[in-house]
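To start, the structure itself, in structure tokens.
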Amino acid sequence: MSGYPTHSDRPRIVKVEESRIETETARTIFFRDEASLKAKPGQFVMVWAMGADEMPMSLAAMNDKGRSAVTVKPWGPGSNLLCSLKSGDVIGVRGPYGNSFTPKKGSVLLVGGGSGVAPLIPLSQTLQEIGAKVTFVLAGKTSGDLMLLGEAKKIISKPPHNLIIVTDDGSAGVKGLAPDAVRSLLGKEVVDQIYSCGPEKMMRMVFDLAEEKRIPVEASLERPMECAIGLCGICAVGKYLLCRDGPILDSQQLKAVSKEFGSNRLDRAGRVVPV
Amino acid sequence: MSGYPTHSDRPRIVKVEESRIETETARTIFFRDEASLKAKPGQFVMVWAMGADEMPMSLAAMNDKGRSAVTVKPWGPGSNLLCSLKSGDVIGVRGPYGNSFTPKKGSVLLVGGGSGVAPLIPLSQTLQEIGAKVTFVLAGKTSGDLMLLGEAKKIISKPPHNLIIVTDDGSAGVKGLAPDAVRSLLGKEVVDQIYSCGPEKMMRMVFDLAEEKRIPVEASLERPMECAIGLCGICAVGKYLLCRDGPILDSQQLKAVSKEFGSNRLDRAGRVVPV
Amino acid sequence: MTKAAPEALTSRKLSVRIAGLTLHAPTMLAAGVVGITTHLLHRALDSGAGAVVTKSIGLQPRESYRNPTVVGVECGYLNAIGLGNPGVEAFSEQLKKLDRGLPIIMSLFGSGPDDFSRMIPILKNTPVKGFELNLSCPHVKGVGVEVGQDPEMVSKVVSLVKRGVKKPVFVKVSPNVDSVVEIAKAAESAGADGITAINTLRAMTIDIETKRPVLSNKFGGLSGSAIRPVAVRCVYEISTSVRIPVIGCGGVSKWSDAVEMLLAGASAVQVGTGLATQGYSVFSGINEGILRYLDEHGFESVEQIVGLSHSF
Amino acid sequence: MTKAAPEALTSRKLSVRIAGLTLHAPTMLAAGVVGITTHLLHRALDSGAGAVVTKSIGLQPRESYRNPTVVGVECGYLNAIGLGNPGVEAFSEQLKKLDRGLPIIMSLFGSGPDDFSRMIPILKNTPVKGFELNLSCPHVKGVGVEVGQDPEMVSKVVSLVKRGVKKPVFVKVSPNVDSVVEIAKAAESAGADGITAINTLRAMTIDIETKRPVLSNKFGGLSGSAIRPVAVRCVYEISTSVRIPVIGCGGVSKWSDAVEMLLAGASAVQVGTGLATQGYSVFSGINEGILRYLDEHGFESVEQIVGLSHSF
Ligand SMILES: Cc1cc2nc3c(=O)[nH]c(=O)nc-3n(C[C@H](O)[C@H](O)[C@H](O)COP(=O)(O)OP(=O)(O)OC[C@H]3O[C@@H](n4cnc5c(N)ncnc54)[C@H](O)[C@@H]3O)c2cc1C
Ligand SMILES: Cc1cc2nc3c(=O)[nH]c(=O)nc-3n(C[C@H](O)[C@H](O)[C@H](O)COP(=O)(O)OP(=O)(O)OC[C@H]3O[C@@H](n4cnc5c(N)ncnc54)[C@H](O)[C@@H]3O)c2cc1C
Ligand SMILES: Cc1cc2nc3c(=O)[nH]c(=O)nc-3n(C[C@H](O)[C@H](O)[C@H](O)COP(=O)(O)O)c2cc1C
Ligand SMILES: Cc1cc2nc3c(=O)[nH]c(=O)nc-3n(C[C@H](O)[C@H](O)[C@H](O)COP(=O)(O)O)c2cc1C
Ligand code: FES
Ligand code: FES
């Protein structure tokens, strides 16, 4: 498509180059976008599913041989449409937006659930590159719900790195919830930093465990978003705008929003509702 | 005055640092303006005489120890106001606009009359710097009407350069009109290039003489201007917009506008009137 | 104010009185921009805003339009959020958790006198310093500018609200009208305490690859630098036509923009889109710049420069 | 056309028919921009414009306002030239020197039906392809938008001119109105052959050092990129409400801007301020870009993309 100047906050139209099956319904969508190539692990883009919605999506890949990707779990009209797209269909992308994880050397623990695994994939790669010892807890309801497992296995391929699979029903890996796995891990090992993304209640439990041990956490939260540039306020978590100050909050910030974190959010009418 | 960003086509407010007496009524106004420092000989700025008018003025100096200057002859409200300003008063300046003279080595002739001497001053300096042999015909009605004479004398101070002063009444230099002096010069000397600025009828006569001898001319014309950026059309000379394609036209262009050059122009109602 | 404020935030020179309210600085948060939670309102105040205006609140809860609701254009942004809001009851409850003294102005919208009458009983107990009537939203049918284009309707709504609440009422006007002055005068006659000028301009953008209007609502409001010259014009025209104060809004993101508005006749300025381009520091940046300007030009107070351009 | 034209200028794909006129390309010179002499009109045609509109001409000669009449703002320009023009008689005489076949459209302004009636006898012999009625100038009292805000007045003027001249008549509308659609419909009912949307937005800028409005007329019209989203919206609204063709104008300086206008429903585009930012090459640049777009998207003609955004 012929290049013409666009505003950085205007959707850029890109072709879906591949839609890879993650679970029965979830897909990882690959596309080519200059600006996404330069994103940092944890940043997100606004993905325009034309005719349906525009949604924030963490980048699951920034530069996989020149392609970027998002992993989408269908919930409503927008994400459903995205998951139904075929190669050659188009989407709009703007961003990348938001802050990014702070990669730390030492012994680090990544805890991802559902589509929350997405931003942890590029992060785990960076962490390995800078010499961290990476433990990755990858959780899903059942074995069929595990996302980006192939990518994770490729990256976390040999010791000292460690990939721990957790399912609610035990159909793959350890049976239980991700926080259970984290509790037992923290009992055995020294962890210098925790990174987490996934269902907010899961992250809250991980955070509370980490607080007991005074282990710093960076958690990537989700909120409805409209503008993604700090205008509409709908992404508020306490005094933070998740689109600009987040999506990643650190332990200090998480403490400051302790009342909201894992409990409630705004809906698209600005009403306070449970997360 | 504190710096804040302005559009390049918006007046920048500058202080008059000095208003130097040129003739009984004409003044050279010095000011400091970043953008004017980088102008080339022949370019002009739009000078805002607040409350009265905004007018095109050739730069008589681009960088005289960090100062730029315009030489103004009073005609109407705008130029009158400019000539009445004192040090510390403010004017607005936008530009520089337009093309510039093409400095050539060899034997060159400059012909300036009235305030038209202004752009020839920085040009003569450049010409000397690149090694041209400069003859400067500086004309005025009487000795009291000669502008920028001091500057000219400073630059054209010794052979092979030559300053020829011409007045209608012979009160200084040679008696006669500038074209007379040019005619006699062209009879005696080889001239490779003529540059001219001043009353248009004078320039036309100089151009016709030069055409006979096939000497290339660059003449800086004057027209009413409104926008100075190629929008309003009021500065039209034939198909040229003097603010963008000019103010300097070369022999080929002058031939193309032969009907208008020295004869007529548009007034501020777009009517064709004599120059 | 919860933190020690830098000089600009505390300088008496910046303080303005508008419609009986004293603001420590003439820089306000514009309606609808982040002002949807008490935390975010508070953060704007902590960042130097002299007052904050809430998101526009209606009688009933209302969801925003489907995304895209915001899109960047060459010189600003289009938005068609759709007046999403939790409804006057829920929002008033939220506000009650805040310190009563804070300079919060509540923005209201409605489809006519009826809506406003029904909100009034709730507004009586809402702990805000004043109200701003959004009679100027360009992208929601039946409310906003469709109300605000009709001088009679403006007059009705303003008198009604003024009778109902005992606090200053500002009327926010739209440039999408034949005569903004006529609307402002109607508001003044009906008892408005001030005019906020302007809301966004009705606008649209189309994606040329897919040929689709980008906003889900197709039409939205243009804000940002693009509209500043229109806003400055409205402020000038209104402030030379009415006696009540005018608050300038539209494309203000730098101190020099704010000074231009003040010179045009605004008693204070609001910042919307500037928050996206500059972040929360936009307030202190503008305040400090204004203070510098006052000092360099020998003024004792920001009130001295309001409307100075009128003398030319 | 006096010169050999590059491919884009001669491609049949670019040709459009509007109100009975055939233009070799959908890119026109906007009214008032350099079109004050026959030479300059001709130069725009030589540079690839499919048609050119003259400066707005009135009954009597009229001087422009004192400078400053044009000033740059962050995202465009303000101008208050003041409708300076040599009067309909002198200008018609000038036009007679030109080749009769050239696609020249003459822009006219007047303070009401009277002015227009008195121009008609002269216009009958003026060698132009059509007329554009400037009922939308935002900065001259009594003409332009003050006429163009009143649907009845629009109707009167249009019927009158249509009866008097046997050529296509376009009506240029202003965004400074309650409803641009209402005005366009009034023009259509009165017999207009097309609508040009839009003229500039009434605006102002103040120099903060001297506190002066920059323009000598204080108020002027905002043009350039800043107004494109407003123009696109007006084109969309009008073209979905009337059956006559719409010509899009406002902030077009790149081919992608032009395509956006066409998709919005414009049958052709006009370029004003783009001439200042891009020079005369703006026309060929846009034409070539449109052609590339048509090829890449598999369209046979520019007419196929007009209004394609309406289907969403
Ligand atoms: C920074 C950020 C990054 C994100 N990254 C991703 C990502 O990589 N992959 C991804 O699939 N999504 C991600 N999301 C979530 C995504 O933006 C959408 O919220 C989600 O896709 C649902 O959108 P929708 O419009 O299809 O559904 P909606 O119409 O918004 O929702 C339909 C229903 O599903 C419920 N629902 C939606 N999302 C969830 C959820 N996460 N948990 C529980 N219930 C939910 C809603 O409450 C509603 O009832 C991210 C969000 C943020 C803020
Ligand atoms: C590129 C360019 C460079 C210029 N440089 C200079 C410069 O360096 N110095 C300078 O003084 N002027 C210069 N001028 C001319 C200047 O812009 C004004 O036209 C002039 O100063 C008169 O402006 P005004 O508004 O005061 O008078 P106006 O109100 O425009 O004119 C008053 C009366 O004087 C007549 N008049 C104005 N100028 C002339 C003239 N040159 N010859 C004969 N009659 C005239 C007018 O026709 C009118 O009758 C330049 C013009 C151009 C286009
Ligand atoms: C995202 C967004 C939401 C807005 N919501 C409202 C609103 O609810 N009520 C209102 O009166 N104005 C609303 N506005 C308009 C602004 O308050 C302001 O009038 C306009 O944006 C112009 O100012 P700016 O250029 O500083 O943004 C909104 C503007 C934006 C950008
Ligand atoms: C310097 C200038 C002069 C103009 N003069 C006229 C005019 O005489 N008649 C008219 O209808 N429009 C006039 N306009 C408006 C333009 O035709 C056009 O509608 C407007 O500038 C928006 O288009 P743009 O953004 O491409 O410039 C003028 C615009 C400019 C910038
Ligand atoms: S999404 Fe709008 S402020 Fe964050
Ligand atoms: S001065 Fe306006 S086009 Fe040259």
Side-chain angles (χ1 to χ4, degrees), chain A residues 1-15 46-56 76-78 89-92 94-95 97 224-241 243-245 256-257 259-260 265-273, chain C residues 30 32-44 46 54-55 57-58 60-87 90-91 93-94 205 207-210 212 214-216 223 272-280:
Chain A
M1 300 175 197
S2 25
Y4 46 88
T6 52
H7 192 288
S8 63
D9 297 319
R10 187 180 176 103
R12 299 175 293 275
I13 307 302
V14 297
K15 266 197 192 123
M46 290 297 281
V47 180
W48 183 23
M50 285 150 210
D53 210 340
E54 186 191 41
M55 296 144 294
D89 289 342
V90 293
I91 54 174
R94 62 182 174 101
Y97 294 115
M225 288 191 181
E226 289 167 1
C227 65
I229 53 171
L231 271 179
C232 72
I234 204 78
C235 67
V237 183
K239 72 168 186 175
Y240 302 112
L241 293 171
C243 65
R244 285 183 80 119
D245 305 309
V257 299
K259 258 181 56 190
E260 291 90 353
R265 63 171 177 94
L266 299 184
D267 69 5
R268 296 283 314 278
R271 282 174 298 220
V272 180
V273 297
Chain C
V33 172
V34 306
I36 192 168
T37 72
T38 51
H39 279 118
L40 294 178
L41 290 167
H42 215 291
R43 184 171 171 189
D46 287 345
T54 70
K55 206 169 167 78
I57 303 296
Q60 300 294 344
R62 185 185 156 100
E63 291 222 343
S64 298
Y65 294 140
R66 281 259 154 206
N67 287 342
T69 44
V70 174
V71 57
V73 290
E74 207 167 324
C75 303
Y77 288 87
L78 300 192
N79 88 80
I81 302 278
L83 295 175
N85 81 95
F91 197 72
E93 280 312 307
Q94 267 210 49
T205 190
D207 174 66
I208 68 168
E209 279 303 320
T210 61
R212 279 178 183 278
V214 177
L215 295 173
S216 77
S223 66
T273 305
L275 216 74
T277 55
Q278 321 283 307
Y280 276 91

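All values reported here derive from a predicted model rather than from experimental measurement. Order of the sequence lines sets the chain letters (A, B, ...), proteins ahead of strands, with each chain counted from 1.
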[atom1]/[X] to [atom2]/[Y] distance, rounded to the nearest 0.5 angstrom?
X      : Y      : atom1 : atom2 : answer
A:E260 : C:T37  : CD    : OG1   : 8.5 Å
A:D245 : C:R43  : CG    : CZ    : 4.0 Å
C:H39  : A:Y240 : NE2   : OH    : 10.0 Å

A side-chain contact here means heavy atoms from C-beta on lying under 4.5 Å apart; do [X] and [Y] qualify?
X      : Y      : result
A:R268 : C:T69  : yes
C:Y280 : A:L241 : yes
C:N67  : A:M46  : yes
C:E74  : A:R10  : no
C:E209 : A:V90  : no
C:P68  : A:R94  : no
C:D46  : A:K239 : no

Q) Taking A:R271, A:E226, A:M225, A:M55 one by one, which has the highest count of heavy-atom pairs under 4.5 Å against chain C? A) A:E226
Q | Option in A:P77, A:P224, A:C243, A:A49 with maximal non-hydrogen atom pairs under 4.5 Å from chain C | A | A:P77
Heavy-atom pair with the smallest gap, counting every atom of [X] and [Y]:
X      : Y      : value
A:G238 : C:L40  : O-CD2, 4.2 Å
C:R66  : A:A52  : CD-O, 3.2 Å
C:R62  : A:A269 : O-CB, 3.1 Å
A:C232 : C:I81  : CB-CD1, 4.0 Å
C:V34  : A:G230 : CG1-O, 3.2 Å
C:V214 : A:W48  : O-CZ2, 3.8 Å

Q: Using modelled atom types only, decide if a donor and an acceptor are shared between the side chain of A:D9 and the backbone of C:G72 within a distance under 3.5 Å.
A: no
Q | Residue among C:T273, C:V73, C:L83, C:L41 with most heavy-atom pairs under 4.5 Å to chain A | A | C:V73
Q. Hey, which of C:T277, C:N85, C:L275 has the most heavy atom pairs under 4.5 Å with chain A?
A. C:N85
So what's closer than 4.5 Å to chain A heavy atoms on [X]: side chain, backbone, both or neither?
X     : value
C:S64 : both
C:A90 : neither
C:Y77 : side chain

Q | Interface moiety of A:M50 toward chain C, non-hydrogen atoms closer than 4.5 Å | A | both
Q: Give the C-alpha distance, both sets of side-chain angles, the deciding distance and a yes or no for side chain to side chain contact (heavy atoms under 4.5 Å, CB included) between A:L231 and C:N79.
A: CA-CA 10 Å; A:L231 271 179; C:N79 88 80; over 6 Å; no
